[in-house]
Amino acid sequence: SGFEFVEVEVIKEALNKLLSISQTDDPLYSKILVRHIYIDSELKHWSFDGEKINKKEFKKALPGLMKAIELDPTAAYLYYNVAALYYHIKEYDKGIEYSRKAIKLAPNWSTPYNNIGNIYLVGKKQSDSAIYYYEKAVAQSPTFTAAYSNLAFQYEKTKPKQDDFEEKLDRAANLYLKCIEYVDAPQ
């Protein structure tokens, strides 16, 4: 989700105040409402316990996110968050579907590509497809360390008997170095 608990609470309170003083015919009202629903869904999605974030009750966040999508069907981040929820509840085909919807709306955004890679790797056990999507994520955002790390790990897992074994290990090493290089870069 990317939010700290305190930030989410502050944002939610500010959105509540904006909603209370806005008129429903105000052009910004629906945008405020979408963000309010999104933040509320995020709070249902994540349980905060001090510094530790525990994922729980993912399905409770889906209705709010679906309502937000209904109100703003052009918000790629909403589709991505639905995809991430589906990933966590192991509904992988729906996760891919919603990641692709996010990509359609924001084709240069690398995170949905990385999410599809994760789904292919973890859920579908298809390493080649995972690599394809991790490579697309890196192509979209050359400083996206998570995608570099995921891709490097896949190359590192190459079987020693494969013809391109050493090439893939070298590529894995270079990708890990990129992770270190870009660790503090904006994603």
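Checked against the 6.0 Å centroid criterion, the rings of Tyr80 and Trp109 qualify as a close aromatic pair.
More than 12 non-hydrogen atoms from other residues, nucleotides or ligands lie less than 6.0 angstrom from OH of Tyr77.
Residues meeting the side-chain contact (heavy atoms from CB on, under 4.5 Å) test with Ser99, sequence neighbours left out: Ala83, Pro112, Asn115, Ile116. Legend: residues meeting side-chain contact (heavy atoms from CB on, under 4.5 Å) with Val82, ordered by chain and number and at least two apart, are Leu62, Leu65, Met66, Ile69, Tyr86, Tyr98. Scanning for side-chain hydrogen bond (donor to acceptor under 3.5 Å, both in side chains) contacts around Lys136 gives an empty result, with sequence neighbours left out. Here Tyr79 pairs with nothing under the ring-ring contact (aromatic ring centres under 6.0 Å, His included) rule; sequence neighbours left out. Considering only residues two or more places apart in sequence or on other chains, Tyr92 meets the ring-ring contact (aromatic ring centres under 6.0 Å, His included) condition with none of them. The side-chain hydrogen bond (donor to acceptor under 3.5 Å, both in side chains) test applied to Tyr113 returns no partner, not counting sequence neighbours. By the side-chain hydrogen bond (donor to acceptor under 3.5 Å, both in side chains) test, Asp72 pairs with Thr74, sequence neighbours left out. Shown here are the ring-ring contact (aromatic ring centres under 6.0 Å, His included) partners of Tyr87, two or more places apart in sequence or in another chain: there are none.
Of the inter-residue distances, the one linking Asn114 atom CG with Asn150 atom CG reads 5.0 Å to the nearest 0.5 angstrom. We find the OG-OH distance between Ser127 and Tyr132 to be 15.5 Å, quoted to the nearest 0.5 Å. Note: Gln154 CD to Ile131 CD1 = 5.5 Å, rounded to the nearest 0.5 Å. Between Tyr134 atom OH and Ser129 atom OG the span is 11.0 Å, to the nearest 0.5 Å.
The shortest heavy-atom contact between Gln140 and Pro107 is OE1-O, 3.3 Å. The minimum heavy-atom distance between Ala147 and Val138, with the atom names listed, is CB-CG2, 3.7 Å. The shortest heavy-atom contact between Ala130 and Tyr120 is N-CB, 3.7 Å. Across Ser141 and Ser110, no two heavy atoms sit closer than the pair CB-OG, 3.3 Å.
Within the structure, salt bridge (Lys or Arg N to Asp or Glu O under 4.0 Å) contacts touching residues 103-116 (residues at least two apart or in different chains) do not occur. Counting only residues at least two apart or in different chains, salt bridge (Lys or Arg N to Asp or Glu O under 4.0 Å) contacts with residues 83-98 comprise Glu91-Lys94, Asp93-Lys124, Glu97-Lys101. Sorted by first and then second residue, the salt bridge (Lys or Arg N to Asp or Glu O under 4.0 Å) pairs involving residues 138-147 (not counting sequence neighbours) form an empty list.
Using a 3.5 Å distance cut-off with no hydrogens or angles, the side chains of Asn118 and Tyr133 do not pair a donor with an acceptor.
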